[in-house]
Amino acid sequence: MPNSWSSSRLDLHIDLDTTGGRRAGLESALRKAIRQGRLPAGSLLPSTRGLAQELGIARGTVSAAYDQLVEEGHLTTRPGSGTIVAGRAHPTPAPTRPAPTPVVPRHDLRPGLPDISAFPTRAWLAATRRVLTHARPGVFGAGDAQGRIELRSALAEYLGRTRGVITTPERIVITSGYYQGLGLLCGVLAASGITTAAVEDPGHNVFRGVVQRAGLSTLPLRVDAHGARVEALTSRIGAAMLTPSHQYPSGVPLHPGRRRQLCAWARTTGGLIVEDDYDGEYRYDRQPIGAVQGIAPDQVVYCGTASKTLGPALRLAWIVLPPHLVPPVVRAKQEADLYTETLGQLVLADLITTHAYDRHIRATRLRYRRRRELLLDRAAAIPGLTPHGVPAGLHTLLTIPSDGPTEPELLAHCARHGVALRGLTELHHDPADRPQGLLIGFAAPSEHTYPAALDALFTHLTTRRGSL
């Protein structure tokens with residue numbers, strides 16, 4: 001049986017000038033490719049037979065060219081490994097200023113990140129095998145801008161069962177993450193004549209930027225211990241964008257009375273409620289609070305994502321829409337990127353229908369609850385740190401007193417020692433004279449590194465603030 005390298009057909013692009021002869025032209029072209037770095041050290045070259053056939057020249061000519069470059073030290077041959085570019089032939093690059101490299105924190109305690117080391121790899125592989133085993137050829141063709149019907153059907157059942165969402169597969173659109181979904185929706189709203197959207201203050205500044213770039217002006221809704229102050233909503237506001245189950249970043253749920261007031265505003269004025277249920281699966285002291293969408297399904301756009309349960313790299317999210325918004329959002333999705341990647345949708349659908357998704361969420365829910373409790377125990381030992389929010393989600397807000405180091409000073413001090421956090425003030429519309437605080441994500445570190453991450457956090461907080 002021939003060696004794999006000699007029977008393989010490797011593509012090799014070279015500019016062959018045969019003016020001075022074919023062998024000389026081949027040698028010159030290979031030297032140039034090596035010196036320019038297009039053939040870096042260790043690159044495997046095609047077999048003499050394969051390259052001769054590709055170039056339409058004699059095999060002996062290729063062999064002679066290879067031998068010459070071996071003599072010069074540009075190439076080397078190894079029995080059973082073929083002809084490769086020699087290490088010492090690697091070009092020496094001209095001195096350049098090194099590009100800045102992002103600093104990777106030793107302990108990542110930023111909010112909104114799940115423990116990706118807990119990704120259900122076995123379940124995902126098993127689901128992938130099932131999907132590929134039974135896949136029809138059409139699965140590998142162009143997809144549906146609205147999303148695979150398998151995933152939309154699975155989500156309709158799952159969201160109704162776990163979040164109280166009232167929907168059908170026809171009202172669901174799959175997007176490549178919540179970021180894209182929000183941008184598509186806001187573009188549709190702006191095109192329909194809506195000019196102003198109310199957003200929580202404090203709230204997620206990145207998503208506030210998405211709303212503004214779509215052409216909508218944003219009106220801040222102040223947040224207190226009962227959630228967003230929805231009484232400030234008026235008829236001139238076309239949409240209200242909220243996180244009712246677990247307000248970001250304060251961590252409080254929207255009070256039942258305010259939920260009713262919010263839905264009444266939407267029904268009376270024709271306004272649209274956009275519900276970001278970013279971590280609704282994670283409530284630790286009781287059953288999760290149901291979605292607002294279940295109260296007013298024709299006035300609410302419900303948004304969910306796999307980023308917090310599985311991982312942001314999957315780029316899978318969903319929007320449950322009132323019927324009149326489905327066609328324009330699907331068109332916007334088609335114009336944006338045609339459709340979301342198909343195989344991931346089918347695998348997630350399999351995980352949901354086999355209840356592997358439920359099992360994963362229950363397992364992570366137990367771990368995250370223990371982590372949150374440990375975080376609060378450590379914070380209670382430092383006077384001046386005040387936790388906020390209900391037992392839920394992937395982060396906790398700790399506000400800090402005003403008679404000590406500022407939030408930026410604490411963040412910078414922790415960052416210098418490899419601990420990544422997020423501050424509260426940047427999430428306000430107007431950071432001036434607003435409470436300062438630290439958002440601590442307790443989910444991102446792996447199970448075995450989380451205790452060390454907390455040790456580092458509170459060691460450096462104590463060092464910087466003294467007794468706070």
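Computed from a predicted structure; not experimentally measured. The first residue of the sequence shown is numbered 1, and numbering continues consecutively from there.
Salt-bridge check for D298 with R171: passed, with a basic side-chain N closer than 4.0 Å to an acidic carboxylate O. The pair R369-D285 does not count as a salt bridge, with every side-chain nitrogen at least 4.0 angstrom from each carboxylate oxygen. Ion pairing between a basic and an acidic side chain is recognised when a charged N comes within 4.0 Å of a carboxylate O; D15 and K32 show no such pairing.
Within a 6.0 Å radius of CD1 in I116, no more than 12 heavy atoms belonging to other residues, nucleotides or ligands are found. No more than 12 heavy atoms of other residues, nucleotides or ligands shown are found within 6.0 angstrom of CZ on R260. For R136, the CZ atom sits in a loose shell: 12 or fewer heavy atoms of surrounding residues, nucleotides or ligands are nearer than 6.0 Å.
Evaluation of the ring-ring contact (aromatic ring centres under 6.0 Å, His included) test over residues 320-360, restricted to residues two or more places apart or in two chains, returns Y158-Y357.
Counting only heavy atoms from C-beta outward, the side chains of P114 and P312 approach each other to under 4.5 Å. Between Q146 and V326, the closest side-chain pair of non-hydrogen atoms falls below 4.5 Å. Residues D277 and Q293 are not in side-chain contact: their nearest non-hydrogen atoms beyond the backbone lie 4.5 Å or more apart. Residues N205 and R208 have side chains in contact (heavy-atom distance under 4.5 Å, counting atoms from C-beta outward). In this structure, the side chains of P431 and E426 stay at 4.5 Å or more apart for every pair of heavy atoms.
Going from atom CG of L182 over to atom CD1 of I319 covers 8.0 Å, rounded to the nearest 0.5 Å.
Under 3.5 Å, the side chains of Q180 and D337 contain a donor-acceptor pair of N or O atoms. No side-chain donor from either of T162 and E281 sits under 3.5 Å from a side-chain acceptor of the other.
Applying the salt bridge (Lys or Arg N to Asp or Glu O under 4.0 Å) test to R129 and every residue at least two apart in sequence or in another chain returns nothing. Partners of E231 under the salt bridge (Lys or Arg N to Asp or Glu O under 4.0 Å) rule, at least two apart in sequence or in another chain, are R229.
Ring orientation note: the planes of H204 and Y248 are close to parallel, at an angle under 30° on the 30°/60° scale.
Outside the 6.0 Å centre-distance limit, the rings of Y278 and Y178 are not counted as a close aromatic pair.
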